[in-house]
Amino acid sequence: MAATKQAQSLINDSYRTILIQLKSNTFNSLFRIQQTHGHIIKTGHSNDTHLITNLLSLYSKHLRISDATQVLYSITDPDILSFSTLISSCSTSKHFDEALLHFRQMLKHGILPDNVVTPSALKACAGLLGLKIGRQIHGLAKVCGFESDSFVQSSLVDMYVKCGEVKDARMLFDRMGHRNVVCWSILVAGYARQGYVDEAKVLFNEMRDSGVEPNLITWNGLIAGFNYNGLASESVALLHKMHLEGFKPDGTSVSSVLPMIGQLEELKVGIQVHSYVIKQGLGLDKWVVTALIDMYGKCGCASEMLKVFKEMAQMDVGSCNALVCGLSRNGRVDDALEMFRQFKNQGLQLDVVSWTSMIASCTQNGKDVEALELFREMQVAGVKPNSVTIPCILPACANIAALMRGKAAHCFSVRRNFFYDVYVGTALIDMYGKCGKLGDARICFDRMPTRNLASWNAIMGGYAMHGKSKEAIEIFELMKKIGQKPNFISFTCILSACSQSGLAEEGWNYFKSMSVDYGIDARIEHYTCMITLLGRSGRIEDAFTLVKTIPYEPDACIWGSLLSFCKVHGNVGLGEIAAKKLFKLEPDNPGNYVLLSNIYAAKGLWKEVNRVRDVMKRMGLRKNPGYSWIELKDKVHTLLAGDRTHPQMLQILERLDKLNMEMVKSGYLPDTALVLKDVEEQDKEHFLCGHSEKLAVGLGLLNTPPGTTLRVIKNLRICGDCHVVIKFISNFERREILVRDTNRFHHFKNGVCSCGDLW
DNA sequence: ATTTGCGTGC
């Protein structure tokens, strides 16, 4: 018995020696730590608090927070030392919420905080802007009697000032007996960052007068604070002053100054700083490199950005991320994607930010499919999406109406507690609206704990897109009631809602109210809504009169709206005027030629139809191929007009044929004026096969149980004949069918469409 | 084992 005890203690001693060795060796020892950890468990020493605490601190040093956490909670009775180690490690690595979680656990274990763990906990409060818990910890410090510890006091001042409680911070500071350089720095930087820049300057001088010399961090904090408030040139001036007074600015000084220079696109100042960097030999600092890349990217200097990147000493994730963003910002998404792939293949450890920015670049540049693929790849690579990734991926789901993928992202957000993030919520509203699930959009809206202007606009835009003007108006009025000020986008939503359902009076009232009550000048898109409002009610002459009053040069949207209403109401004369303008504004858009030719065709003006067709031929324009897609069981099926490659095409045509016969039986006559007179020969084939939206509906009918709602998306405006046919199908098959075209949603139900046959 | 400064994503 005694012998085993002796052996045990011998083993214990040797472990202790190993751990001490590991502590002194900072390089490459992670593997050895894990190895030793394994041995300790295997030999049954996992309850030796000393050994375990040492392990914990080793893991913390390597920023292996999850390992450290596991170790801590494997001890039956962790002491304050181990908690302290873990909490400080969480705080310094910015895992603030975890730091506070462990702090609470520590209290639950019956351990009171001391003067050492308190600063770490306060740092976390400052990082999370958690004033309430910060005050509680302050209270604990008072009760436990270490409120006057200089570390605790500095941390308290920092916490209060970062949470915006400048007065409280100042009161504490004034009561402090000895003020060292750290607490002066905290106050100076804090004042500057909170926008009290002049007071910060005064404090800085007071500090020197009181005999405390500023250090590098003091200077840098002041510079960063100025920069944070958009005072780019002032912070560059501080950089100079610092240099003149014999403080050599370091990488941090420089990278504090650059972000705002980029944001203000002050290229000249940026170049000055860059040359200073080269002169001072600061170009090896990875933060400086990243900040320079970011600055050049924001100033539109892609080549200079690439040059800085190429001269970089060693690969760094941050710099690579900045480069990818810079490339996409300058319209070079394909280059960004290629670089991203290269980084990945080179084995660079891409992080959440890398993936998220690449995904964001794709969604912002119409590469929705690529974005979704990247999102999948990212998870395969073991990188967990965060609350920023979700609102970046959702627009891609919305654009291509990939409802299942959107829903999956929704579930993911709920599981990971991102759902209450205002950006996530707003993106979900938008996604559900664009996927035709207005009810779900509303549920998301109602469940949001906090909403911002974008959230209100998103739900209103959803209602507008579906032609639900009553609901859009309700939201708008609610918004006014609770004091949320609308902006120009809110008015675009409400006006388009009114115009979609022909609420002429309401529309005009909102249009007037916009400038009178809110001081918002009508933009071109607001005029477009009003033109549409008039056009829809058949008042095309009035619409033309309104166009003349627009204080800007009318754009293609205005003329395009007019032209399409000329088609709906068969107005050849005004149609020709609108078309003429459009041919000048966008000569390469085939849609306008097609519309004009359809106007002619409806009146049987074949000579004019041919003339337009000849112009198109001469210009080498072809009608944009129409395609539609439908999501069935998590898979998106794309159907091209005239394309017979879909494996179920024969069945689709058979089904549509049968429906066609039923239609004829019930007295339907195809409206040849709407269908046939497409401009090109090949469109005859389209006619034979049916338009893509019809094919998508057919595919949906074949592959879903009776009664299921179908959701179809089309890349062009829905065609008139399809509109008639789908109305019939909705009645005959007792199905709700939603078709989203480039303009809005059409809800087909019981043989009626929500657009009221005007679109 | 504790306190101050920098960059990339909506």
Side-chain angles (χ1 to χ4, degrees), chain A residues 53 56-57 60-61 79-89 91-92 113-123 126 146 149-159 161-162 180-190 192-193 214-225 227-228 249-259 262 285-295 297-298 316-326 328-329 351-361 363-364 385-395 421-424 426-427 454:
Chain A
T53 307
L56 169 75
S57 103
S60 297
K61 255 191 198 143
D79 56 0
I80 191 160
L81 214 101
S82 30
F83 270 114
S84 226
T85 313
L86 183 62
I87 292 166
S88 92
S89 164
S91 279
T92 42
D114 62 2
N115 58 330
V116 175
V117 74
T118 300
S120 301
L122 286 169
K123 185 181 184 171
F146 52 83
D149 178 279
S150 75
F151 280 77
V152 173
Q153 283 190 322
S154 298
S155 317
L156 278 169
V157 172
D158 187 50
M159 186 274 293
V161 81
K162 281 209 179 111
N180 60 16
V181 63
V182 173
C183 56
W184 274 109
S185 304
I186 287 170
L187 204 68
V188 167
R193 199 172 255 267
N215 63 16
L216 199 60
I217 294 182
T218 324
W219 279 102
N220 288 349
L222 192 62
I223 291 174
N227 191 55
Y228 190 80
D250 66 351
T252 302
S253 328
V254 172
S255 42
S256 309
V257 155
L258 285 168
D285 184 309
K286 63 176 182 178
W287 301 120
V288 173
V289 173
T290 305
L292 278 172
I293 291 174
D294 176 63
M295 183 274 292
K298 284 184 177 141
D316 167 66
V317 204
S319 313
C320 293
N321 293 350
L323 184 77
V324 166
C325 292
S328 3
R329 189 190 294 274
D351 61 5
V352 201
V353 178
S354 325
W355 287 95
T356 305
S357 12
M358 194 63 254
I359 290 171
S361 310
T363 33
Q364 282 156 14
N386 66 13
S387 62
V388 181
T389 320
I390 303 300
C392 289
I393 193 68
L394 283 172
D421 183 291
V422 66
Y423 285 100
V424 172
T426 304

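Lettering follows sequence order; numbering is per chain, from 1.
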Select base, sugar-phosphate, or nothing to describe what A:Asn115 touches, counting heavy atoms under 4.0 Å on all strands.
-> base
Identify whether any heavy atom of A:Asp285 sits under 4.0 Å from a base atom; if not, whether one sits that close to sugar-phosphate; answer base, sugar-phosphate or nothing.
-> nothing
Between the side-chain atoms of A:Asn321 and the base atoms of B:dG7, is any donor-acceptor pair under 3.5 Å?
-> no
Picking from B:dG9, B:dT2, B:dG5, the nucleotide nearest the side-chain atoms of A:Pro119 would be B:dT2
Select one nucleotide: of B:dT4, B:dT3, B:dA1, the one nearest the side-chain heavy atoms of A:Ser155.
-> B:dT3
B:dT3 OP1/OP2 closer than 4.0 Å to side-chain N/O of A:Lys162 = no
For the student: nearest non-hydrogen atoms of A:Ser387 and A:Val424, plus distance = O-CG2, 3.5 Å
Do the side chain of A:Thr356 and the base of B:dG9 come within less than 3.5 angstrom through a donor-acceptor pair of N or O atoms?
-> no
Could you tell me whether A:Asn180 contacts a base, only the sugar-phosphate backbone, or nothing, with contacts defined as non-hydrogen atoms closer than 4.0 Å?
-> nothing
Report which part of the nucleic acid A:Ile186 touches: base, sugar-phosphate, or nothing (heavy-atom distance under 4.0 Å, all strands).
-> sugar-phosphate
Which part of the nucleic acid, if any, lies within reach of A:Lys123 when heavy atoms closer than 4.0 Å are counted: base, sugar-phosphate only, or nothing?
-> sugar-phosphate
Assign A:Ser255 to base, sugar-phosphate, or nothing according to its heavy-atom contacts below 4.0 angstrom with the strands shown.
-> base
Quick one: label A:Asn386 by what it contacts on the DNA or RNA (base, sugar-phosphate, nothing), any heavy atom closer than 4.0 Å.
-> base
Return yes if the base of B:dA1 and the side-chain atoms of A:Thr85 contain a donor-acceptor N/O pair under 3.5 Å, otherwise no.
-> no
Nearest whole angstrom, please: distance from the P of B:dT8 to the NZ of A:Lys286.
-> 15 Å
